[in-house]
Amino acid sequence: MPVQQTLFDTADPSTAGVEAIELESGATILRGFALEDAAALLVAIERIADAAPLRHMTTARGWRMSVATTNCGDAGWLSDRSGYRYDAIDPETGRQWPALPELFADLAARAAREAGFAHFEPDACLVNRYAPGARLALHQDRNELDFDAPIVSVSLGVPATFLWGGATRADRPRRVRVEHGDIVVWGGPARLNFHGVDTLRESYHALTGSVRFNLTFRRALLRR
Ligand code: MD3
Ligand code: FE
């Protein structure tokens, strides 16, 4: 059973009413945690996509991903016929990925702290855009060099269903609805769980129209 608890100081007005649900040890949903920053986050995403366009990457097996992706930060996640990896250079532009905005790093660190992970300093932010029909098949995030750091995921726009699996691909995933402004933090024992996103349904959000954006913050490189 999910444990519902207040993980932070209820006297702090910036977190008043935010609901924290621990899905399992090391995996926490902070409902509405990004709501106040959502409009600014979307403006920042537009600027990032101007410099490093959203694109449909290719899997190692040659499939075009239905999700469109870009990155900001010191390292960007890439997939192509040679596999998955992080690289400081965007192969589309030949330039470094755009810098990780202060607002992004600050929000990710605050969310991680509320979920029990102090001093999270992300160096990579994957930006995913889901149009209706897009999905992300079950996978693990294991290209990062630092598995001690958590991963922080921010949902914006149209709601989606996370597929929340276990330590092996055979574990039947739970379905967890994530909405505009929700943040999921996972680390510790849940860091290598299988997960995915179910096919996005046709829907409308005032700030994004028919699409969903997800920001995934990671520590991809080892600390200097
Ligand atoms: C991790 N993106 O880009 S994390 C990814 O909505 C990715 O675009 C998701 O997975 C997205 O690699 C955001 C979703 C998620 C859900 C359940 C998990 C990650 C999880 C359970 C355990 C560990
Ligand atoms: Fe993932």
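Scope of the values below: all heavy atoms of this structure, side chains included, with no hydrogens, waters or symmetry mates. Starting from 1, each residue takes its place in the sequence as its number. Being a predicted model, the structure only gives us computed values, none of them experimental.
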Inset, instruction - Quick one: do Leu156 and Ile45 satisfy side chain to side chain contact (heavy atoms under 4.5 Å, CB included)? Show the steps, please. - result: CA-CA 11 Å; Leu156 296 168; Ile45 290 171; 3.9 Å; yes
Legend entry - side chain to side chain contact (heavy atoms under 4.5 Å, CB included) evaluation trace for Leu221 with Asp74: CA-CA 9 Å; Leu221 314 172; Asp74 292 341; 4.3 Å; yes
Legend entry - CA sep, side-chain torsions, deciding dist, call: Arg55, Asp90, salt bridge (Lys or Arg N to Asp or Glu O under 4.0 Å): CA-CA 11 Å; Arg55 80 292 306 260; Asp90 175 357; 2.8 Å; yes
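In terms of heavy-atom proximity, Asn193 sits nearest to Ala167 at OD1-N, 4.3 Å. Contact detail for Phe162 and Ser153: the closest heavy-atom pair is CZ-OG, 3.6 Å. The minimum heavy-atom distance linking Ala111 with Val152 is given by the pair CB-CG1, 4.3 Å. When all heavy atoms of Leu100 and Asp123 are compared, the pair lying nearest together is CD1-C, 4.1 Å. For Cys72 against Trp97, the heavy-atom pair with the smallest separation is CA-CB, 4.2 Å. Residues Leu103 and Ala40 approach most closely at CD2-CB, 3.7 Å, considering heavy atoms.
Side-chain atoms of Leu78 and Pro91, non-hydrogen and from C-beta on, do get closer than 4.5 Å to each other. Put simply, the side chain of Val158 does not reach to within 4.5 Å of the side chain of Val211, judged on heavy atoms. By the 4.5 Å heavy-atom criterion applied to side chains, Phe104 and Asp37 are not counted as neighbours. Using a 4.5 Å heavy-atom threshold, the side chains of Leu163 and Val197 count as separate. Taking 4.5 Å as the limit, every side-chain heavy atom of Ile183 sits out of range of all side-chain heavy atoms of Ile29. No side-chain heavy atom of Asp106 sits less than 4.5 Å from a side-chain heavy atom of Pro101. Pro173 has its side chain out of reach of Trp164: every pair of non-hydrogen atoms, C-beta onward, lies at least 4.5 Å apart. Between Leu107 and Leu41, the closest side-chain pair of non-hydrogen atoms falls below 4.5 Å.
Scanning for side chain to side chain donor-acceptor pair (under 3.5 Å) contacts around Thr216 gives Asn214, with sequence neighbours left out. In this structure Asp148 satisfies the side chain to side chain donor-acceptor pair (under 3.5 Å) test with no other residue, sequence neighbours excluded. Annotation: side chain to side chain contact (heavy atoms under 4.5 Å, CB included) contacts of Pro122 (sequence neighbours excluded): Ala108, Phe120, Phe217.
When the side chains of ILVMFWY residues are joined at heavy-atom separations under 4.5 Å, either directly or via intervening members, Leu30 and Leu35 end up in two distinct hydrophobic clusters. Grouping the Ile, Leu, Val, Met, Phe, Trp and Tyr side chains by contacts below 4.5 angstrom, directly or via other members, places Phe213 apart from Val43. When the side chains of ILVMFWY residues are joined at heavy-atom separations under 4.5 Å, either directly or via intervening members, Leu54 and Val154 end up in a single hydrophobic cluster. In the hydrophobic cluster analysis, where Ile, Leu, Val, Met, Phe, Trp and Tyr join through side-chain heavy atoms closer than 4.5 angstrom, Val67 is grouped together with Tyr84. Taking hydrophobic clusters as Ile, Leu, Val, Met, Phe, Trp and Tyr residues chained together by side-chain heavy-atom distances below 4.5 Å, Leu42 shares a cluster with Val127.
Under the ring-ring contact (aromatic ring centres under 6.0 Å, His included) criterion, the residue pairs touching residues 182-211 are His139-His195, His180-His205, Trp186-His195, with sequence neighbours excluded. Here salt bridge (Lys or Arg N to Asp or Glu O under 4.0 Å) pairs that include residues 180-201, with residues two or more places apart or in two chains, are Arg31-Asp182, Glu144-Arg191, Arg175-Asp198.
Between the SG atom in Cys125 and the CD1 atom in Ile48 there is a gap of 6.0 Å [rounded to 0.5 Å]. Considering CH2 of Trp77 and CG of Asp87, their distance stands at 13.0 Å, rounded to 0.5 Å. In this structure, CG in Asn71 is found 13.0 Å from CD in Gln96, a value given to the nearest 0.5 Å. A distance of 10.0 Å separates CZ in Arg95 from CD1 in Ile89, rounded to the nearest 0.5 Å.
With hydrogens and angles disregarded, a donor-acceptor distance shorter than 3.5 Å links the side chain of Ser79 to the backbone of Thr58. Arg81 places a side-chain N or O within 3.5 Å of a backbone atom of Ala60 that can act as its donor or acceptor partner. At distances below 3.5 Å, not a single donor-acceptor pair connects side-chain atoms of Asn143 with backbone N or O atoms of Arg85. Remark: the backbone N or O of Ala52 is paired with a side-chain donor or acceptor of Thr70 at under 3.5 angstrom.
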Enumerate donor-acceptor pairs with a distance under 3.5 Å from any side-chain N or O in residues 128-136 to protein atoms, sequence neighbours excluded.
residue : atom : partner : partner atom : Å
Asn128  : ND2  : Thr69   : OG1          : 2.9

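A donor-acceptor contact under 3.5 angstrom links the side chains of Ser155 and Arg212, judged on distance only. For Arg218 and Tyr86, the side-chain atoms include at least one donor-acceptor pair closer than 3.5 Å.
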